[in-house]
Amino acid sequence: MSKHRTVLSVFIASPGGLDIERAAVADVSSSLNAEVGPLIDVVVEVKRWEHLIGLAGRAQEQIDKVLDECDLFIGLLHRRWGSPTGDGHDSGFHEEYEVALRQFREHKKPEIALFFKSVDDDSQSDPGPELTRVMKFRTNVER
């Protein structure tokens with residue numbers, strides 16, 4: 001094994017309601033670290049907003065700083081869009097995505113992966129404001 005291990009930093013972004021999916025990403029990274037990481041000298045480091053609670057300053061600003069150092073941005077969306085951040089964005093997820101996209105355009109990282117959990121047809125006939133925003137965002141990024 002070499003003395004220098006490559007660290008791949010992964011940020012998971014999502015509004016509430018996707019705790020199981022967020023945990024699954026962390027579980028997969030733990031398995032990769034245990035089973036494959038030692039063979040190829042790579043470790044996957046998962047970062048989530050929960051890890052930053054309690055830092056001084058605007059919480060979303062602290063999260064955005066972490067995004068500057070990430071190699072992969074994983075965005076997870078379902079029915080919820082989230083809450084305004086107090087800095088002109090309509091949700092924390094949206095601000096995180098915009099920061100990641102700007103970083104990618106300027107520095108070619110982080111890579112961005114978006115996943116949308118299926119929503120039942122009944123919800124789509126009367127989606128409400130949050131799901132409407134998720135659906136609009138999905139339409140925009142899939143163009």
Side-chain angles (χ1 to χ4, degrees), residues 4-143:
H4 179 71
R5 181 174 270 187
T6 300
V7 176
L8 296 175
S9 180
V10 177
F11 186 84
I12 305 171
S14 71
L18 292 166
D19 295 337
I20 293 170
E21 291 78 6
R22 292 168 62 78
V25 173
D27 290 347
V28 167
S29 70
S30 292
S31 294
L32 286 171
N33 287 339
E35 297 172 25
V36 180
L39 301 174
I40 59 174
D41 289 331
V42 173
V43 64
V44 178
E45 183 178 87
V46 175
K47 298 182 180 197
R48 307 187 308 189
W49 65 265
E50 300 96 312
H51 299 153
L52 304 172
I53 291 176
L55 296 176
R58 187 174 77 91
Q60 194 62 50
E61 190 174 288
Q62 300 304 317
I63 294 167
D64 294 348
K65 287 179 186 176
V66 171
L67 285 166
D68 291 344
E69 302 166 4
C70 286
D71 300 299
L72 175 61
F73 172 94
I74 297 177
L76 306 172
L77 287 168
H78 184 218
R79 304 167 109 331
R80 295 188 55 203
W81 183 244
S83 303
T85 63
D87 195 32
H89 289 87
D90 56 356
S91 77
F93 171 84
H94 190 217
E95 184 170 337
E96 292 155 11
Y97 173 77
E98 291 292 325
V99 168
L101 186 60
R102 183 176 58 247
Q103 288 290 14
F104 179 78
R105 287 177 176 157
E106 293 174 6
H107 307 287
K108 301 301 180 214
K109 78 172 210 174
E111 292 290 330
I112 298 172
L114 297 173
F115 299 91
F116 297 88
K117 186 174 179 177
S118 296
V119 177
D120 59 57
D121 290 334
D122 292 340
S123 295
Q124 291 184 29
S125 64
D126 185 19
E130 287 203 61
L131 181 53
T132 296
R133 187 63 186 106
V134 171
M135 292 164 46
K136 181 179 176 186
F137 174 79
R138 183 175 186 170
T139 298
N140 287 338
V141 297
E142 288 180 343
R143 286 188 198 168

Side-chain touch R79/V134, heavy atoms, less than 4.5 angstrom: no
Could you pull out the closest heavy-atom pair between E130 and G82, with the gap in Å? OE1-N, 3.0 Å
Would you say the side-chain atoms of E95 and T85 include a donor-acceptor pair closer than 3.5 Å? yes
Let me see the working for S14 and R22 under side chain to side chain contact (heavy atoms under 4.5 Å, CB included), right down to the final yes or no. CA-CA 8 Å; S14 71; R22 292 168 62 78; 3.0 Å; yes
With heavy-atom distances below 4.5 Å as the criterion, would you say the side chains of Y97 and I112 are in contact? yes
Would I63 and F11 satisfy side chain to side chain contact (heavy atoms under 4.5 Å, CB included), going step by step from the backbone distance to the final call? CA-CA 10 Å; I63 294 167; F11 186 84; 3.4 Å; yes
To the nearest 0.5 Å, how far apart are CZ in R80 and CZ in R133? 15.5 Å
Least distance between heavy atoms, P127 atom then T132 atom: CG-OG1, 3.3 Å
Quick check: are there more than 12 heavy atoms from other residues, nucleotides or ligands sitting under 6.0 Å from CD1 of I20? no
In terms of heavy-atom contacts, does CD of E98 have more than 12 from other residues, nucleotides or ligands at under 6.0 Å? yes
Test side chain to side chain contact (heavy atoms under 4.5 Å, CB included) on H78 and V119 and set out the steps. CA-CA 7 Å; H78 184 218; V119 177; 3.8 Å; yes
Establish, yes or no, whether a centroid distance under 6.0 Å links the rings of F137 and F93. yes
Answer whether the closest heavy-atom distance between the side chains of R5 and P38 falls below 4.5 Å. yes
Using a 4.5 Å cut-off on heavy atoms from C-beta on, say whether the side chain of D68 contacts that of V99. yes
Do L77 and R138 have side chains that approach each other closer than 4.5 Å (heavy atoms only, starting at C-beta)? no
